[in-house]
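Here is the structure we will look at, set down as C-alpha cells.
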Amino acid sequence: MNPDRRPLIAANWKMHKTLGEAVAFVESIQEQTGPCADREVLIAPPFTALRGISGKLSLHGYSLGAQNCHWEQKGAFTGEISAAMLKDMGCAYVIVGHSERRQLFGETDETVRLKTSAAIGAGLAPVVCVGEALEERERGDAFEVIGRQLEGAFQGLGPERMNGVVIAYEPVWAIGTGRTATPGQAQEVHAFIRSRISSIFGKAIEKSVRILYGGSVKPSNVDALMAEPDIDGALVGGASLEVGSFKSLIQFNV
Ligand code: PEP
C-alpha cells in the first residue's frame with residue numbers, strides 16, 4: 001500500500017446471503033470493527049440485499065456496491081439492472097467484468113467497456129476486474145492479456161472520467177481455488193497495470209488509481225499482500241462471507 005491512496009477492502013458476496021443474513025452481517029461487522037478512518041470497506045451483496053442494507057451501512061468508511069450492471073439506462077432488457085438504478089439504491093461502486101461474468105455469462109472486453117462507461121456516467125465508481133487464466137500465465141501471456149483487457153475497458157475514456165475508478169487484478173487461477181498469487185507475483189502485475197494506466201491516462205491517474213488484488217485473499221496472507229507498494233486493497237470472495245474472517249481482513253496490518 002501507499003499512504004497516498006486509501007486502502008479498500010471489498011467483499012464480493014457473489015450469489016450468497018438472503019436479505020436477513022446480509023443485514024445481520026453488516027450490523028455485526030460494523031459493531032465489531034467500528035468506523036474506519038484510514039481505510040474503506042465495500043460490501044457488494046446480491047441485488048436483492050442492496051436496498052435492505054443500504055441504510056444500515058451507516059458507519060464512516062463503509063460503502064455499498066453491486067456486482068454487475070447493464071450499460072443502457074433503461075429499456076426492454078429483461079432481468080437487467082442499470083447503473084442509475086444502483087445509484088438510486090445507495091450504491092457508490094459496481095464491480096464490472098469479474099472473471100465469473102466473463103467465463104460464465106459471456107462478458108467481453110466490449111461489454112466491460114460499455115458497463116465501465118455507464119457506471120461512470122451514473123456517478124458510480126466501477127471496480128474493473130482484469131486477470132489472466134492459468135494457461136495464459138503458463139504461456140507467458142499474462143501481461144499481454146491484462147494489457148488488452150485494460151485497453152478494452154478504458155477505450156475512449158478521458159482522464160477526467162477516471163477519478164474514483166478502481167481496478168482489481170484477479171488472476172483467474174487464484175479465484176476460489178485457495179491458490180494465491182505470491183505478494184511478489186501480484187506486485188509485479190500491479191506495477192505493470194499502474195504503468196499501463198500511466199501511458200493511457202498520465203501521471204496523475206497513475207498515482208491516484210487504486211488497484212486491488214483478488215484471489216483467495218485470507219487473514220493469513222492479507223498483511224503480506226498489503227505490504228506491497230502497488231497493492232491498494234483486496235477484492236474478496238470466500239473470506240468475506242464470515243464476519244470473523246472479514247473483520248481480520250479489514251484490520252490488516254502492514
Ligand atoms: C472474487 O470473487 O473476486 C474472489 C477473489 O474470490 P475468492 O476470494 O474466493 O478467491
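This chain uses plain numbering: 1 for the first residue, then up along the sequence. Order of appearance sets the numbers: ligands from 1, and atoms from 1 within every ligand. Everything quoted here is computed from the prediction, not taken from an experiment.
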Review point. Nearest protein heavy atom to atom 4 (C) of ligand 1, by residue and atom, and its distance?
Key: Gly237 N, 3.6 Å
Check your understanding: Which is it for Asn12 and ligand 1 at heavy atoms under 4.0 Å: side chain, backbone, both or neither?
Key -> side chain
Point to revise | Backbone N/O of Gly97 and side chain of Arg102: donor-acceptor pair under 3.5 Å | key: yes
Point to revise | Under 3.5 Å: donor-acceptor pair, side chain of Tyr213, backbone of Ala181 | key: yes
Check your understanding: Do Arg39's NZ or CZ and the ring of Phe252 fall within the cation-pi criteria of under 6.0 Å and 45°?
Key -> yes
Check your understanding: Between the main-chain N or O of Gly123 and the side-chain N or O of Lys87, is there a donor-acceptor pair closer than 3.5 Å?
Key -> yes
Check your understanding: Taking atom types as modelled and ignoring hydrogens, do the side chains of Thr111 and Glu107 form a donor-acceptor contact shorter than 3.5 angstrom?
Key -> yes
Point to revise | Closest protein heavy atom (residue, atom, distance) for atom 9 (O) of ligand 1 | key: Gly238 N, 2.8 Å
Point to revise | Contact atoms of ligand 1, heavy-atom distance to Gly215 under 4.0 Å | key: 5 (C), 10 (O)
Check your understanding: Does the N or O separation between Thr177 and ligand 1 drop below 3.5 Å for any pair?
Key -> no
Exercise for review: Return the residue, atom name and 0.1 Å-rounded distance of the protein heavy atom closest to atom 3 (O) of ligand 1.
Suggested key: Glu170 OE2, 2.7 Å
Check your understanding: Can you list the ligand 1 atoms lying under 4.0 Å from a non-hydrogen atom of Leu235?
Key -> 3 (O), 5 (C)
Practice item. Provide, to 0.1 Å, the distance between atom 1 (C) of ligand 1 and the closest protein heavy atom, together with that atom's residue and name. Key: His98 NE2, 3.2 Å
**Study point:** N/O donor-acceptor pair under 3.5 Å between Arg194 side chain and Glu206 backbone
**Key:** yes
Exercise for review: Without swapping roles, check the side chain of Ser82 against the backbone of Lys74 for a donor-acceptor pair under 3.5 Å.
Suggested key: no
Check your understanding: Short list, please: which atoms of ligand 1 are under 4.0 Å from a heavy atom of Ala174?
Key -> 10 (O)
**Study point:** Closest heavy-atom pair and its distance - Arg210, Glu40
**Key:** NH1-OE1, 3.0 Å
Point to revise | Close approach, Lys14 and ligand 1, non-hydrogen under 4.0 angstrom | key: yes
Review point. Is the shortest N/O to N/O distance between Ala239 and ligand 1 below 3.5 Å?
Key: no
Exercise for review: Check ligand 1 against Gly176 and write out every atom of the ligand that is under 4.0 Å from a heavy-atom position of the residue.
Suggested key: 7 (P), 9 (O), 10 (O)
Exercise for review: Mark the output for Ser99 as yes if a heavy-atom distance to ligand 1 is under 4.0 Å, and as no if none is.
Suggested key: no
Point to revise | Name of the residue among Gln30, Gln32, Glu31 meeting side-chain hydrogen bond (donor to acceptor under 3.5 Å, both in side chains) with Ser28 | key: Gln32
